[in-house]
Colleague: 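Shown below is the structure under consideration.
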Amino acid sequence: MLSIVKNVITALSTLSGLLGLVPYITTLVEQVENTGATGAQKKEAVLNLVSAALNTVDSAFSIDLPTTTIISCVSNLIDVIVDFKNLIGAFTHSSTTTTDTSTATAQ
């Protein structure tokens, strides 16, 4: 029983911490949006930043953070943020258009 309570408390603490990260993750997502990178590259950049921050906190304070779980949750959070920003039109996508390079002569 004590193990279950401990797991629930850990999960709630992690969830609480993740909810506090939402504005920061949103800012990171917005910052990488116009870099010209692919969606996967932008997501990887944000995840790398978050991972580096977690590793710094983990080593500086000797906290055993559930890094894999947090990164997985942040990955899903990025997907939700991007989907929402796309839905409301906050993110625009460049469309590739082909240009006709043939020359037409008027007679």
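What's counted below: heavy atoms across the whole structure, side chains too, no hydrogens, waters or symmetry copies. Here the structure is a predicted model, which means the values were calculated and not measured.
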Colleague: Treating Ile, Leu, Val, Met, Phe, Trp and Tyr as nodes and any side-chain heavy-atom pair under 4.5 angstrom as an edge, say whether Val46 and Phe84 lie in one connected cluster.
Modeller: no
Colleague: Would you say Val29 ends up clustered with Val80 if hydrophobic residues are merged whenever their side chains have heavy atoms under 4.5 Å apart, either directly or through other cluster members?
Modeller: no
Colleague: CG/Leu21 to CG/Leu77 distance, rounded to the nearest 0.5 angstrom?
Modeller: 8.5 Å
Colleague: Are the side chains of Val50 and Tyr24 in touch, meaning some heavy atoms are under 4.5 Å apart?
Modeller: no
Colleague: If we ignore hydrogens and angles and just use 3.5 Å, is the side chain of Ser51 paired with the main-chain N or O of Leu47 as donor and acceptor?
Modeller: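 Pair absent, no side-chain N/O of Ser51 close to backbone of Leu47.
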Colleague: How about CD1 on Ile4, more than 12 heavy atoms from neighbouring residues, nucleotides or ligands closer than 6.0 Å, or not?
Modeller: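 Open.
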Colleague: Distance from Lys42 atom NZ to Ile78 atom CD1, nearest 0.5 Å?
Modeller: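 If we round to the nearest 0.5 Å, Lys42:NZ and Ile78:CD1 are 12.0 Å apart.
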Colleague: Within the distance-only criterion (no hydrogens, no angle test), does the side chain of Ser72 pair as donor or acceptor with the backbone N or O of Thr68 below 3.5 angstrom?
Modeller: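 No; zero donor-acceptor contacts below 3.5 Å.
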Colleague: Hey, could you give me the CG/CG distance between Asn55 and Asn48, rounded to the nearest 0.5 Å?
Modeller: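 Taking CG in Asn55 and CG in Asn48, the distance rounds to 10.5 Å.
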Colleague: Which value, rounded to the nearest 0.5 Å, describes the distance between Ile81 atom CD1 and Thr26 atom OG1?
Modeller: 3.5 Å
Colleague: Would you say that Val32 contacts Lys43 through its side chain, given a criterion of any heavy-atom pair below 4.5 Å between the two side chains?
Modeller: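 Side chain of Val32 against side chain of Lys43, heavy atoms only: no contact under 4.5 Å found.
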Colleague: Apart from Val5 itself, what residues make up its hydrophobic cluster, given side-chain heavy atom links below 4.5 Å?
Modeller: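 ILVMFWY cluster around Val5 also holds Ile9.
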Colleague: Sub-3.5 Å donor-acceptor pair from the side chain of Ser75 to the main-chain atoms of Ile71, do we have one?
Modeller: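 It does not hold such a pair.
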Colleague: Leu54, Phe61: one ILVMFWY side-chain cluster at the under-4.5 Å cut-off?
Modeller: yes
Colleague: Taking C-beta and beyond as the side chain, do Lys85 and Glu33 meet within less than 4.5 Å on heavy atoms?
Modeller: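 They are not in side-chain contact.
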Colleague: Whether the Thr38 and Gln41 side chains hold a donor-acceptor pair (N or O, under 3.5 Å, no angle test) is what I'd like checked.
Modeller: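 There is such a pair (donor and acceptor under 3.5 Å, judged by atom type) between the side chains of Thr38 and Gln41.
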Colleague: Could you tell me the separation between the CG atom of Leu12 and the CG atom of Asn7, rounded to the nearest 0.5 Å?
Modeller: 11.0 Å
